[in-house]
Number of protein chains: 2
Amino acid sequence: MEPRNKHVTEDCRGVSEILSRIGDKWTVLVVTRLGQGPLRFNEMRRIIGGISQRMLTLTLRGLERDGLVTRTVFPTIPPRVDYELTELGHSLLEPVRVLGDWARQHETCIKASRQRFDGTDEATSASSPPSPMGPRPSA
Amino acid sequence: MEPRNKHVTEDCRGVSEILSRIGDKWTVLVVTRLGQGPLRFNEMRRIIGGISQRMLTLTLRGLERDGLVTRTVFPTIPPRVDYELTELGHSLLEPVRVLGDWARQHETCIKASRQRFDGTDEATSASSPPSPMGPRPSA
DNA sequence: CTGAATCCGGCTTGATACTG
DNA sequence: CAGTATCAAGCCGGATTCAG
């Protein structure tokens with residue numbers, strides 16, 4: 001990546017990258033669950049539900065790479081692997097919680113806004129096909 | 001014990017959705033810039049830099065749909081469109097800032113961890129202790 | 001039980017060209 | 001200036017299969 005420059009935009013680039021990192025489909029779920037204590041692979045898989053092995057592996061791997069979780073292998077039979085949040089991982093828990101609070105707090109509002117927005121189009125022209133980006137009602 | 005435990009996953013689903021929303025490539029940049037005041041389309045385009053018309057349009061459109069920004073059209077020639085954060089949009093600014101602070105604060109740490117992770121080619125020559133610190137198979 | 005490798009479909013992104 | 005339409009490329013995520 002580019003070196004960190006002076007401008008705000010550059011700062012936000014870094015932020016954006018981090019957000020992309022944790023903004024993917026599963027990372028937040030995994031981190032949050034792990035925030036309640038270490039878990040084994042299939043425990044997580046079962047608890048989270050709907051995540052494939054592949055995605056769980058990739059998510060965990062990425063988290064480990066970023067130093068957010070530790071991977072502990074017990075060379076037993078059957079094998080056992082524990083995943084646990086590092087200190088850094090725990091520190092992420094709080095910002096995520098803040099965002100989570102915001103999300104839950106405004107979830108209804110946002111969904112309502114979406115329905116309003118999506119419905120505005122059809123209300124004016126009923127026979128129009130569903131366009132991915134309907135026309136704007138000029139203010 | 002904690003009834004909250006059972007709901008965390010569901011809660012996080014919603015959070016995850018919101019995160020996906022703002023976790024895309026440009027949303028955070030746009031919102032942050034808009035947090036400093038209303039902007040016109042090409043102003044933003046120029047300020048952010050590297051974003052295509054298409055992506056800026058789509059990002060703005062999504063933000064508008066979610067009720068986070070307002071779009072004000074001035075039917076002049078040449079046309080002029082102002083984008084501005086709504087109250088809801090401003091409320092998002094804070095959580096984003098929190099996450100942004102975290103990101104900047106741990107940016108170095110994370111990058112270091114990545115390099116460490118990518119570069120770690122464990123020899124495994126040492127004894128594999130029965131203690132939970134087994135070697136990680138290289139990718 | 002944990003996880004790697006493969007194939008594949010879909011969404012997201014981006015470049016380009018055109019319109020009011 | 002602001003926005004749309006279209007097309008192509010790339011990444012993401014899922015199902016399946018194989019291995020230790």
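Every chain is numbered from 1, with letters handed out A, B, ... down the list of sequences.
- Summarising the geometry, the separation between CZ on B/Phe74 and C1' on D/dG3 is reported as 17 Å, rounded to the nearest angstrom.
- Between A/Leu56 atom CG and D/dG14 atom P the separation is 11 Å, expressed in whole Å.
- Comparing D/dT4, D/dA2, C/dC1 by their closest approach to the side chain of B/Arg40 singles out D/dA2.
- Grouping the Ile, Leu, Val, Met, Phe, Trp and Tyr side chains by contacts below 4.5 angstrom, directly or via other members, places A/Leu93 with A/Ile48.
- Judged by distance alone, the side chain of B/Thr72 and the main-chain N or O of B/Val81 form no donor-acceptor pair under 3.5 Å.
- A sub-4.0 Å separation between OP1 or OP2 of C/dG3 and a side-chain N or O of A/Arg61 is absent.
- Residue A/Gln53 comes nearest to A/Phe41 through the heavy atom pair O-CZ, 3.9 Å, listed as atom of the first residue, atom of the second, then distance.
- In this structure, the nucleotide among C/dT16, D/dA2, D/dG14 sitting nearest to the side chain of A/Ser52 is D/dG14.
- Of the inter-residue distances, the one linking A/His106 atom NE2 with B/Glu87 atom CD reads 9.0 Å to the nearest 0.5 angstrom.
- Listed nucleotides C/dA4, D/dG3, C/dG14 differ in distance to B/Trp26; the shortest reach to its side chain belongs to C/dG14.
- Atom CE in A/Met55 sits about 17 Å away from atom P in C/dC8, given to the nearest Å.
- Considering all non-hydrogen atoms of both residues, B/Ile22 and B/Val28 come closest at O-CG2, 3.1 Å.
- Taking 4.0 angstrom as the limit, B/Arg80 places none of its side-chain polar atoms (N or O) nearer than this to OP1 or OP2 of D/dA2.
- Here the side chain of B/Gln53 is nearest to one of D/dT17, C/dA17, D/dG13, namely C/dA17.
- Between A/Ile51 atom CD1 and C/dT2 atom P there is a gap of 14 Å when expressed in whole angstrom units.
- Rounding to whole angstrom units, CG of residue B/Leu58 and C1' of C/dT13 are separated by 9 Å.
- Separating the NZ atom of A/Lys25 from the C1' atom of C/dC11 is a distance of 11 Å, rounded to the nearest angstrom.
- The residue among B/Arg54 and B/Glu43 whose nearest nucleotide of DNA chain D lies closer to the 5′ end is B/Glu43.
- Residue contacts for B/Tyr83: at a heavy-atom cut-off of 4.0 Å it reaches the sugar-phosphate backbone alone, with no base atom in range.
- Among the nucleotides D/dT17, C/dT13, D/dC1, the one closest to the side chain of B/Pro79 is D/dC1.
- Rounded to an integer number of Å, the gap from CD1 of A/Ile77 to P of D/dA19 is 18 Å.
- With the nearest nucleotide of DNA chain D identified for both A/Asp24 and B/Asp82, B/Asp82 has the one nearer the 5' end.
- Picking from C/dG3, C/dT2, D/dA2 the nucleotide with the shortest atom distance to the side chain of B/Arg71 gives D/dA2.
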